[in-house]
Novice: 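Structure below; questions to follow.
Per chain, numbering begins at 1; letters A, B, ... match sequence-line order.
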Protein chains: 2
Amino acid sequence: MAATIRDVARLAGVSPSTVSRALSLPGMVNATTRARVAAAVEQLGYEPNRAARGLITGRTGTIGLVVPDLANPFFASLTKGVQARARHHDVAVFVADTDEDPAAEAGLVRALSKQVDGVVLCSPRASDEELAAIAQDTTVVLVNRTAVGLPGVAYDNEDGMRQAVAHLVALGHRRIAWVGGPATSWSTQHRGLGLRNAVEALRAELAPVGNFAPTYEGGMAAADQVVATGATAVVAYNDLVAIGLLARLHSRGISVPGDLSVVGVDDIAMSRMARPALTTVRLPKQEAGRIAVELLLAMLDDPESAAEGSKHGELHGELIVRDSTGPAPQK
Amino acid sequence: MAATIRDVARLAGVSPSTVSRALSLPGMVNATTRARVAAAVEQLGYEPNRAARGLITGRTGTIGLVVPDLANPFFASLTKGVQARARHHDVAVFVADTDEDPAAEAGLVRALSKQVDGVVLCSPRASDEELAAIAQDTTVVLVNRTAVGLPGVAYDNEDGMRQAVAHLVALGHRRIAWVGGPATSWSTQHRGLGLRNAVEALRAELAPVGNFAPTYEGGMAAADQVVATGATAVVAYNDLVAIGLLARLHSRGISVPGDLSVVGVDDIAMSRMARPALTTVRLPKQEAGRIAVELLLAMLDDPESAAEGSKHGELHGELIVRDSTGPAPQK
DNA sequence: GGGTGGACTGCAATCCTTTGCAGTGCCCGT
DNA sequence: ACGGGCACTGCAAAGGATTGCAGTCCACCC
């Protein structure tokens, strides 16, 4: 059906080898020949068969992306970034969604590894050991976390938390509650740490209320405990949790930001639509996806750089102040 | 590196052909031979090389999915459904996001068509002619709309709108505003039609306020016009628009549902987090993705059914009543 | 006992492209 | 005038799996 390299060769009056070279190593063929080949390619609408090319080069021109949940806007943005960047490099992306099941990750990556050159893995919960095992199968770039020995792109959570705390302290808050996400989550750990450091540096006080699901429901569940801490401000694991807090606080008649200021993390689309619009630390999600792709592709092109390992991208968050934070209430 | 079919053949003491058959046409090989092959496969961890197989069978074991915007929760859910179902069939999914640029669709499908067996296309804006042209390149299943001669899965918008109107009329509303999405959108047209029919059947009155972007901003922009119609209820193109309406109405001090009832369409995650929680027509988004995959795979397995054309899936929406609708105000 | 058919299995071609190696022809230097 | 080198091009193998065709072997029938 589709034109093959032989058809092009025949039409251009050259051998298939020459066609192949004219396309991939233009410097190696005479300009006039190259033009004839180009014309034939054009006329026939020829495009190299990727399977055949992959068979011989060992490369598929495809990368995989594994995320916990596509329906989560955070991962959707990430996916968008990955996809856009990959297309820019003429690389296709297989996406796979683990449905928030960390156990499925390893199997998925293994299955994927046969069909792709490498994978971008977003695995907030897995341990470093599990990740190391997964990385045996194929070239892996982590996103949204780091792990020793593995390349990845992550956010500077400490810095983001510092910005949030500085904002709250400037508003007069002294006691700040912290609603963590899943205990095993890399981000929870780093955000918690960043918060402790920031609070200490600014002579405020942190009131952690434990670990909750990183969802709207998680936020609803945490709200009453937040109130019980007596804090005048709260930092939530992410925006979904913050919005859950907002909902429960509202139904309890607690005013935000009058009685309690709320800060989220991520800046998903929903945040600016929340009522009150949510103050949050914006994470450049698409950017993370883009950088992960660049990192992965660079490793693929030059395996040395992979060996040298631990290539990292680090991204900074930016505090977006909206209406959910305000001056601390006077006692 | 990885084991090939010849390695397996050697270990099992048979020819590569027999291994191939043992795996894909088990009935053709002797049970004991098959067992030996199976053991060898197991021991070597053999998996057929997809590129090599694709080269000869002409099938890639991959389908494409083209959506306007992955970051839109509606399409994210759809993607999730497609992806899950495809994995179930051991088929990989390339996803591509057109960034809401209908002009990019054709090119994207064409590029994709070289690498996939077929594509699931979500193209709300393209004309029937454009779609027909696109479908030349490869096997296409439409999702979220229909077009003559092309298979697709769509929602019964008329029915969904009828449910919404029946609900509103039962609450005493007689004049219902309608905020349409992009004029060229298939869904806008069908929802508008369904609304007109339903309103007529129930002796109410429709007040269309025109076409807006299918976004939060679109809803904000439409709100004042909705108010100006004097309607006591409004149906929005989708939930995003409805949430935008909610925001603007709130800032104008118009009570929902006290002064005005609001109904959306889609039931995205955000809707139940809105304030007030949004009454909406829930569309089975993942289900649509799943069915589209089934349809596509069936057409691929049996091209006849493709020729017979116009295979369709139809899905029904379900009205989810939350807090944004209430009794019509007494004049 | 020879012939026929059935049940398996193997051979070899094929899918399409890339790439190491071996030309071919020409130019230039000596 | 001849050898060497350069620039370019072609040959052929390779990559891994599938499949039409042909072969082997055995059992069974007449």
Novice: Please give me every residue in residues 4-27 of chain B whose heavy atoms get under 4.0 Å of an atom in DNA chain C, ordered by residue number.
Specialist: B/Val14, B/Ser15, B/Ser17, B/Thr18, B/Arg21

Novice: Can you name the residues that form a side chain to side chain donor-acceptor pair (under 3.5 Å) with B/Asp156, not counting sequence neighbours?
Specialist: none

Novice: Just compare C/dT17, D/dT18, C/dC8 and give me whichever is closest to any side-chain atom of A/Ile56.
Specialist: C/dT17

Novice: Quantify the bending of the helix from C/dG1-D/dC30 to C/dT30-D/dA1 as the angle between its end axes, each fitted on five pairs, to 10°.
Specialist: 60°

Novice: Heavy atom of residues 36-52 of chain A under 4.0 Å from DNA chain D: which residues?
Specialist: A/Ala52

Novice: Measure NZ/B/Lys114 against P/C/dC15 and give the value in whole Å, please.
Specialist: 18 Å

Novice: Could you list the donor-acceptor pairs under 3.5 angstrom formed by side chains in residues 72-84 of chain B, with sequence neighbours left out?
Specialist:
residue	atom	partner	partner atom	Å
B/Asn72	OD1	B/Phe74	N	2.8
B/Ser77	OG	B/Pro73	O	3.4
B/Thr79	OG1	B/Phe75	O	2.7
B/Lys80	NZ	A/Asp69	OD1	2.6
B/Lys80	NZ	A/Asp97	OD1	3.4
B/Lys80	NZ	A/Asp97	OD2	3.1
B/Lys80	NZ	A/Asp99	OD1	3.0
B/Gln83	OE1	A/Asp97	N	3.1
B/Gln83	OE1	B/Arg87	NH1	2.5

Novice: With nearest nucleotides of DNA chain C determined for B/Thr32 and A/Thr57 from heavy-atom distances, which residue corresponds to the more 5′ nucleotide?
Specialist: B/Thr32

Novice: Within the structure provided, determine whether A/His89 and A/Glu294 are in side-chain contact (heavy-atom separation under 4.5 Å).
Specialist: yes

Novice: Kindly indicate whether the side chain of B/Arg50, heavy atoms from C-beta on, has any atom under 4.5 Å from the side chain of B/Thr62.
Specialist: no

Novice: Kindly say whether B/Ala147 contributes a backbone atom to a donor-acceptor pair with the side chain of B/Asp128 at under 3.5 angstrom?
Specialist: no

Novice: Please list, chain by chain and in numerical order, all residues satisfying ring pair (Phe, Tyr, Trp, His ring centres under 6.0 Å) with A/Tyr46, sequence neighbours excluded.
Specialist: none

Novice: What is the distance from CG of B/Leu55 to P of D/dA14, rounded to the nearest Å?
Specialist: 17 Å

Novice: Determine whether the side chains of A/Ser123 and A/Glu105 contain a donor N or O and an acceptor N or O closer than 3.5 Å.
Specialist: yes

Novice: Taking atom NE2 of A/His88 as the centre, report whether more than 12 heavy atoms of other residues, nucleotides or ligands fall under 6.0 Å from it.
Specialist: no

